[in-house]
Undergrad: 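I have a structure here, written as structure tokens, and I will follow up with some questions on it.
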Amino acid sequence: MPELPEVETIRRDLTKLAIGERIVDVWVDPATAPLLLDGSPEAFREEVCGRRILRIDRRGKYLLFRLDDGRTWATHLRMTGRLVWRRSDAPPEPYERAWVRFESGHDLRWCDLRKFGRWRLISCDDEVLGQLGPEPLDPSFSAEALASMLRGRRAPVKAVLLDQRRIAGLGNIYADEALFAAGIRPDTPAGSLEAAAVRRLHEAITDVIRRGIERRGASFRDYVDANGEEGAQQMYVQVFRRTGKPCYRCGTPISRIVVGGRSTHFCPHCQPQAGQAERVR
DNA sequence: CGTTACCTGAAA
DNA sequence: TTTCAGGTAACG
């Protein structure tokens with residue numbers, strides 16, 4: 001569920017709450033443990049107990065807890081994961097699968113209805129992040145960088161945007177929203193985009209990601225921030241999950257197709273097929 | 001490349 | 001009952 005803006009919101013929240021905290025205990029639901037961890041819960045507990053959290057970073061959709069022994073507790077929330085900060089005496093959250101307890105009397109509660117989330121304890125970022133493409137808000141993600149990753153590809157442009165090895169952090173919501181903002185049909189072959197369309201897409205990507213962070217993420221179903229509060233971005237989406245509803249710009253009903261195996265939403269009027277004369281706007 | 005599988009519901 | 005789900009990894 002969480003894409004870059006949602007993970008970044010959690011990172012910022014937890015940076016205010018958990019920096020300097022010492023881990024004193026860890027619990028993992030035995031039924032979830034084989035899916036969540038590489039090794040046993042006991043081994044993980046032994047490894048992190050006594051460590052302090054020095055810093056929290058994010059790369060793509062990974063949240064990275066830097067520990068005081070040089071190692072990193074890397075987490076990925078996948079579809080339904082939540083990380084919420086609670087007092088240790090607070091009742092369990094819905095679908096709570098694990099927690100990390102701190103000296104101050106607080107827990108990080110790991111909740112995950114579908115159990116797709118993953119934890120790794122790593123010594124080197126490459127173990128988990130080696131294949132990730134550039135951050136969309138990093139200067140290295142230029143319009144020219146985007147152009148070169150689209151060039152010559154026949155795959156739908158949306159499939160390229162979702163490929164974490166090309167750009168790190170875009171998911172289904174922000175890919176659809178960026179393509180709407182750029183006026184590009186999601187199933188357009190990536191390599192067929194003209195230079196002007198690529199430039200619009202580059203600006204649209206950085207724009208929707210920035211706004212998503214400003215609005216503290218999109219809460220359609222499962223996402224909440226580190227305090228358990230919903231984000232606001234779902235109130236501002238133009239196409240995502242608006243199938244059949246009128247486009248805010250032109251009134252045409254929003255279409256839904258499947259691209260790259262994912263549900264895909266677009267306005268057939270504002271996002272015409274590439275090469276099909278002039279866009280409206 | 002596009003599907004299928006991983007899990008457990010929630011919504012239609 | 002059937003479909004759908006903010007993500008990836010494995011498979012053909």
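By convention in this document, chain letters (A, B, ...) are assigned in the order of the sequence lines, proteins followed by strands, and residues within each chain are numbered from 1.
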Undergrad: Would you mind classifying the nucleic acid contact of R165(A) as base, sugar-phosphate or nothing, using non-hydrogen atoms under 4.0 angstrom?
TA: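 It contacts nothing in the nucleic acid.
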
Undergrad: Taking Watson-Crick (N1-N3 plus N6-O4 or O6-N4) and G-U wobble (N1-O2, O6-N3), each under 3.5 Å, can you produce the dot-bracket string of DNA chain C? Use [ ] for crossing pairs and | for inter-strand ones.
TA: |||||.||||||

Undergrad: Taking atom CD1 of I209(A) and atom CD of E177(A), what is their separation to the nearest 0.5 Å?
TA: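 I209(A) CD1 to E177(A) CD: 11.0 Å, rounded to 0.5 Å.
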
Undergrad: Going by the side chain to side chain contact (heavy atoms under 4.5 Å, CB included) test, name the single residue among I56(A), T75(A), L129(A) that passes it with L64(A).
TA: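 Going through the options one by one, the only one that passes is L129(A).
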
Undergrad: When all nucleic acid strands are considered with a 4.0 Å heavy-atom cut-off, which category describes G171(A): base, sugar-phosphate, or nothing?
TA: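 Contact class for G171(A): sugar-phosphate only.
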
Undergrad: Just call it for A155(A): base, sugar-phosphate, or nothing, with non-hydrogen atoms closer than 4.0 Å on any strand.
TA: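 Touches sugar-phosphate only.
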
Undergrad: Is there a donor and acceptor pair closer than 3.5 Å between the side chain of R114(A) and the base of dA5(C)?
TA: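 A donor-acceptor contact between them is present.
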
Undergrad: Once you apply a heavy-atom cut-off of 4.0 Å, does S263(A) come out as touching a base, just sugar-phosphate, or nothing?
TA: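 Since only primed, P, OP1 and OP2 atoms lie under 4.0 Å of S263(A), the category is sugar-phosphate.
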
Undergrad: Between dG7(C), dC4(C), dT8(B), which nucleotide has the shortest distance from any of its atoms to the side chain of R97(A)?
TA: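 Shortest atom-to-atom distance from the side chain points to dT8(B).
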
Undergrad: Could you please name the option among dC6(B), dT8(C), dA11(B) that lies closest to any side-chain atom of R262(A)?
TA: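 Of all the options, the side chain of R262(A) is nearest to dT8(C).
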
Undergrad: Counting any heavy atom closer than 4.0 Å, what does P94(A) reach on the DNA or RNA strands: base, sugar-phosphate only, or nothing?
TA: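 No contact at all - P94(A) keeps every heavy atom at 4.0 Å or more from the nucleic acid.
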
Undergrad: With a 4.0 Å cut-off on heavy atoms, is Y174(A) in touch with a base, just the backbone sugar-phosphate, or nothing at all?
TA: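 No contact.
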
Undergrad: If the C1' atom of dC4(C) is compared with that of dA5(B), how far apart are they to the nearest Å?
TA: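 These two C1' atoms come out 16 Å apart once rounded.
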
Undergrad: If you check the M79(A) side chain, which of dT8(C), dC6(B), dA5(C) turns out closest?
TA: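 When the side chain of M79(A) is considered, dA5(C) is the closest of dT8(C), dC6(B), dA5(C).
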
Undergrad: Which part of the nucleic acid does D112(A) contact within heavy-atom distance under 4.0 Å: base, sugar-phosphate only, or nothing?
TA: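 No contact.
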
Undergrad: Spell out, as yes or no, whether a donor-acceptor pair under 3.5 Å connects the side chain of T264(A) to the backbone of R262(A).
TA: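 It does hold such a pair.
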
Undergrad: Any base atoms under 4.0 Å from R82(A), or only sugar-phosphate, or nothing? Heavy atoms, all strands.
TA: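 The residue R82(A) makes no contact with any strand.
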
